[in-house]
Each structure stands twice: as structure tokens, then as C-alpha cells.
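Here the structure is laid out as C-alpha cells; the discussion comes afterwards.
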There are 2 protein chains.
Amino acid sequence: MESLTEKIEKYIRSLLEANSADEIILRRKELANVFGCVPSQINYVLQSRFTPERGFIVESQRGGNGYIRIIRVCLSGVEDRLNHIEEIVDGVMTPQETRRLLKNLEERELLTLRERTMLEVILRFVDEVLVSFFDLPAYRRDEINTELVRRVLKSLAII
Amino acid sequence: MESLTEKIEKYIRSLLEANSADEIILRRKELANVFGCVPSQINYVLQSRFTPERGFIVESQRGGNGYIRIIRVCLSGVEDRLNHIEEIVDGVMTPQETRRLLKNLEERELLTLRERTMLEVILRFVDEVLVSFFDLPAYRRDEINTELVRRVLKSLAII
DNA sequence: AATATTCTTGACATATTTTGACCTTCATGC
DNA sequence: GCATGAAGGTCAAAATATGTCAAGAATATT
């Protein structure tokens with residue numbers, strides 16, 4: 001069973017494909033009408049599915065002639081990719097957040113499945129060492145794991 | 001006598017076979033119902049049997065329309081390669097020996113440049129953490145680093 | 001026989017989706 | 001200017017999934 005959120009996500013992605021554009025403009029109310037849902041559902045879809053981590057930027061304007069603009073981000077140069085990494089690997093990530101990030105990066109083809117698997121094996125091993133040898137609390141382990149991911153992704157960004 | 005965990009493991013594997021797919025999607029509660037067990041038993045099976053080290057990636061999402069997705073990344077004919085790994089990652093390696101091994105694997109096209117870079121960045125970071133946080137002597141760090149390489153290569157041998 | 005490891009269970013914690021009531025912003029006509 | 005109506009935004013509750021953790025039971029190892 002596909003959720004409403006997934007349907008709307010696919011619809012928006014199909015609009016982007018169809019226009020073979022990196023950008024589309026929507027009316028929130030109209031889109032909500034298409035799916036027979038409440039307008040704020042659209043906000044939820046945007047906030048959960050069209051995030052920078054997934055490679056999108058969303059702009060909007062209220063008031064008369066208001067709109068929602070969805071932009072697919074293209075990472076062209078090394079500089080762009082490094083900044084992007086800094087943006088999406090922000091603060092300290094829990095293992096769950098880390099796994100989700102890796103999944104998203106694979107979906108965007110910024111990581112291969114092998115690279116993702118390697119990283120998961122390594123993160124598990126490092127975590128195991130930190131807990132069983134050094135009895136480190138979860139928060140400290142998350143700090144180290146996050147920094148590891150940050151460094152790896154940065155190093156890959158420049159290749 | 002087969003344990004519940006083993007039964008569930010076989011059942012999931014059979015689902016993957018049956019669909020001849022590299023991926024299945026489950027509902028934790030439903031699967032628990034099939035075996036008349038507690039839902040968290042499913043987590044135990046996933047954590048102990050469907051690890052990246054064994055060639056699986058597990059993704060999941062909580063909440064409404066939640067799911068558990070199991071991705072198989074393993075192929076057949078693994079035995080030889082595993083033995084080979086045991087041979088080449090023998091004993092404890094120094095950082096120099098490790099780098100030479102990784103370079104060699106890249107030249108033989110068993111690792112890509114990106115994968116080798118990932119590993120080198122990770123090994124350097126782990127070593128740094130072990131020194132600066134825990135003041136571990138060199139031979140202990142080499143043990144950990146060697147084990148890390150062994151695990152990663154084993155999991156890659158499966159893929 | 002004693003100890004260590006793995007398995008099983010259940011109480012409790014956390015995350016996601018959907019909906020609706022209420023808030024904020026802005027272009028436009030007067 | 002400024003009131004108005006037409007946008008989009010925020011927040012919280014309810015429903016519904018999965019995750020975590022620890023204790024006890026079952027098995028394996030020494």
C-alpha cells in the first residue's frame with residue numbers, strides 16, 4: 001500500500017521528469033485538490049521528501065499570486081559538493097539518521113551499493129569497538145561515527 | 001531442533017528466492033503474526049542474520065505505512081574469495097602493510113579508487129581516535145585496524 | 001557442573017503520516 | 001495608505017508503525 005505522501009512525492013517527481021526541467025512551480029491548493037487532501041499535507045510532503053539531503057530546494061511565497069517552487073539541485077563542482085556535505089552532515093547523527101542519509105545518497109547515485117555496504121560494516125565495527133573496549137556512551141559514539149561519515153563523504157566528494 | 005530465529009531467517013530467505021528479487025518489503029507485525037511471536041523477535045532476526053557483513057542491507061521506516069525492506073547484495077560462489085581474504089589479511093598488519101594491500105587490491109581491480117580512498121580515510125581517522133582519545137599503543141591500534149580491514153574485505157567478497 | 005552465549009519476551013520509547021484549526025504574508029483595488 | 005481576500009505556514013493531536021532494552025529462558029561451551 002502506497003501512502004498518500006508517497007503518491008504526492010511521485011507525482012511531483014513526474015512533473016519534474018515530464019518537463020525535463022530542474023524546477024517546477026506549484027499552487028498548493030490545486031495540488032491538494034488533485035489528491036483530495038488538506039493543503040498542509042503538501043507542506044508535509046515537501047518537508048519530508050524534498051529536502052536538501054535528497055537534493056532539492058523549495059522556495060515559496062505567500063499572499064496573492066503565491067506559489068511553491070521546487071528546484072532540483074545539481075552539484076557541478078567540487079566546491080558545491082563539499083558545501084553540500086557540510087550542509088547535510090550537520091551536527092551529530094544517530095545511527096538511524098546515518099543509515100537514512102546513506103540510503104538517500106545511494107538513491108541519488110552519489111554512493112554505490114558497495115560503498116554504502118562498506119560504510120555500514122565499518123560503522124558497525126567502529127561502534128562495537130567503542131562500546132566493548134572503551135564502554136563509550138551512545139552520544140560520544142554518535143559524535144565519532146558522524147565525524148567518520150563526514151570525512152569519508154568529503155573525501156569522496158573530491159574524487 | 002530449529003530455533004524460531006532460524007525458522008524466520010529461512011522464511012525470509014525463501015521470500016527472497018521466491019520473488020527471485022534482490023529485495024522484499026515486510027510488515028513487522030504481520031511477519032510476527034505468521035510465527036506467532038512478539039514483533040521485536042523480528043528485529044532480533046534482522047540484527048543477527050541480515051547484517052551487511054552477511055550481504056544484506058535492511059532499511060525501515062516507523063509510523064504510518066511503516067515497513068521493513070531487506071535488500072540482498074550477495075551473489076554466489078563466495079567460498080574461494082573468503083579463503084583468499086583470510087590468506088591475504090593474515091595476522092596483524094601495520095599501516096604501511098595495509099596501504100600496500102589496498103593499493104594492490106586496487107591494481108587488481110578488486111577495489112575501486114573511491115573504495116580504496118574511503119578505506120584509507122577511515123583507517124586514518126580510526127587510528128587518530130584511538131590515539132588521541134584512548135592513547136592506545138601502536139600494536140593495539142594495528143590489531144583493530146587490521147580487523148576492520150578484514151571485516152570490510154570479507155563483506156565485499158560476498159558482494 | 002559451571003559458565004558463556006544466544007534466544008525470546010514484553011514493557012516502554014520513538015518515528016511517520018494524516019487531518020484540521022488557526023496564523024502570517026502579500027498583491028491589489030479603492 | 002490601507003483594507004481585503006487569496007495565497008501559503010505552523011502546530012498539535014490522533015492513529016499507526018517500528019526500535020530499544022533488559023531480564024529470564026534455553027543452548028552451547030569448557
Side-chain angles (χ1 to χ4, degrees), chain A residues 1-12 24-51 53-54 57-71 92-101 103-104 120 123-124 127-128 131-132 135-139 141-142, chain B residues 1-12 24-51 53-54 57-71:
Chain A
M1 271 327 108
E2 214 174 39
S3 73
L4 178 55
T5 296
E6 284 170 333
K7 283 179 196 156
I8 298 174
E9 178 190 358
K10 281 189 180 172
Y11 180 73
I12 294 175
I24 54 168
I25 292 188
L26 300 173
R27 275 321 186 30
R28 189 177 77 150
K29 202 171 161 187
E30 287 175 14
L31 187 53
N33 256 335
V34 171
F35 288 92
C37 67
V38 147
S40 61
Q41 176 75 29
I42 306 303
N43 293 81
Y44 178 72
V45 174
L46 296 176
Q47 282 161 28
S48 63
R49 302 297 198 271
F50 292 88
T51 60
E53 182 179 306
R54 292 178 178 230
I57 289 179
V58 176
E59 296 170 353
S60 65
Q61 193 170 84
R62 302 186 184 186
N65 280 304
Y67 61 81
I68 293 177
R69 183 199 311 254
I70 301 173
I71 304 162
V92 175
M93 294 187 294
T94 64
Q96 253 192 17
E97 290 167 334
T98 306
R99 277 197 298 273
R100 188 198 294 240
L101 172 65
K103 168 185 172 246
N104 287 337
E120 300 223 4
L123 289 169
R124 283 164 57 93
D127 205 66
E128 183 188 314
V131 83
S132 67
D135 201 29
L136 227 54
Y139 182 75
R141 285 180 276 144
D142 292 349
Chain B
M1 199 53 191
E2 216 177 20
S3 74
L4 179 53
T5 296
E6 283 168 335
K7 282 180 197 157
I8 298 174
E9 178 188 359
K10 282 189 179 171
Y11 180 72
I12 293 175
I24 54 168
I25 291 187
L26 300 174
R27 276 314 185 25
R28 189 178 77 150
K29 203 171 158 189
E30 287 174 12
L31 186 53
N33 255 336
V34 171
F35 289 91
C37 66
V38 158
S40 61
Q41 175 74 30
I42 307 303
N43 293 80
Y44 179 73
V45 176
L46 295 176
Q47 282 160 31
S48 61
R49 304 295 198 270
F50 293 87
T51 62
E53 288 86 348
R54 294 180 179 219
I57 285 194
V58 176
E59 296 170 359
S60 66
Q61 190 168 292
R62 301 185 188 184
N65 256 252
Y67 62 80
I68 293 177
R69 172 182 309 170
I70 302 171
I71 303 167

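The structure displayed is predicted, hence computed values, not measured ones. Throughout, protein chains are lettered first and strands after them, A, B, ... in sequence-line order, and every chain is numbered starting at 1.
- In terms of position along DNA chain C, the nucleotide closest to B:C37 lies nearer the 5' end than the nucleotide closest to the other residue of the pair B:C37 and B:G63.
- C:dT14 atom P lies 14 Å from atom CG of A:D142, rounded to whole Å.
- Residue A:T98 holds its OG1 atom at 9.5 Å from CG of A:D127, rounded to the nearest 0.5 Å.
- For the pair B:K29 NZ and D:dT18 P, the computed distance is 8 Å after rounding to whole Å.
- If you measure from atom CG of A:N65 to atom P of D:dA6, you get 12 Å, rounded to the nearest angstrom.
- Not one side-chain nitrogen or oxygen of B:Y44 sits closer than 4.0 Å to the OP1 or OP2 atom of C:dT8.
- The pair A:E9-A:R49 meets the salt-bridge criterion, since a charged nitrogen lies less than 4.0 angstrom from a carboxylate oxygen.
- Going from atom CD1 of A:I42 over to atom P of D:dG8 covers 10 Å, rounded to whole Å.
- The closest side-chain heavy-atom distance from A:M93 to A:D142 is not below 4.5 Å.
- The separation between B:L26 atom CG and D:dA17 atom P is 14 Å, rounded to whole Å.
- Here the nucleotide nearest the side chain of A:S60, chosen from C:dC26, D:dG8, C:dT8, is D:dG8.
- Projected onto DNA chain C by closest heavy-atom contact, A:T94 and B:S48 fall at different nucleotides, the more 5' of which corresponds to B:S48.
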Point to revise | nucleotides 20-30 of chain D: protein proximity per nucleotide (B base, S sugar-phosphate only, - neither; heavy atom, under 4.0 Å) | key: B----------
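- Few gaps surround OH on A:Y67; more than 12 heavy atoms of other groups in view lie less than 6.0 Å from it.
- Here B:L4 lies in heavy-atom contact (under 4.0 Å) with sugar-phosphate atoms only.
- The side-chain tip of A:R54 does not point at the ring of A:F50 from less than 6.0 angstrom away and within 45° of straight on.
- For B:R27 and B:N33, the side-chain atoms include no donor-acceptor pair closer than 3.5 Å.
- Between B:Q61 and C:dT17 there is a side-chain N or O to OP1 or OP2 distance below 4.0 Å.
- D:dG5 atom P lies 18 Å from atom CZ of A:R27, rounded to whole Å.
- Within the 4.0 angstrom heavy-atom criterion, base atoms lie near A:Q41.
- A straight line from CD of A:E30 to C1' of D:dA6 spans 13 Å, rounded to a whole angstrom.
- Residues B:T5 and B:Q41 have side chains that bring a donor and an acceptor to within less than 3.5 angstrom of each other.
- In this structure, A:R69 reaches neither bases nor backbone, as no heavy-atom distance under 4.0 Å exists between it and the strands shown.
- Remark: P of C:dT8 and CG of B:L31 are 13 Å apart, rounded to the nearest angstrom.
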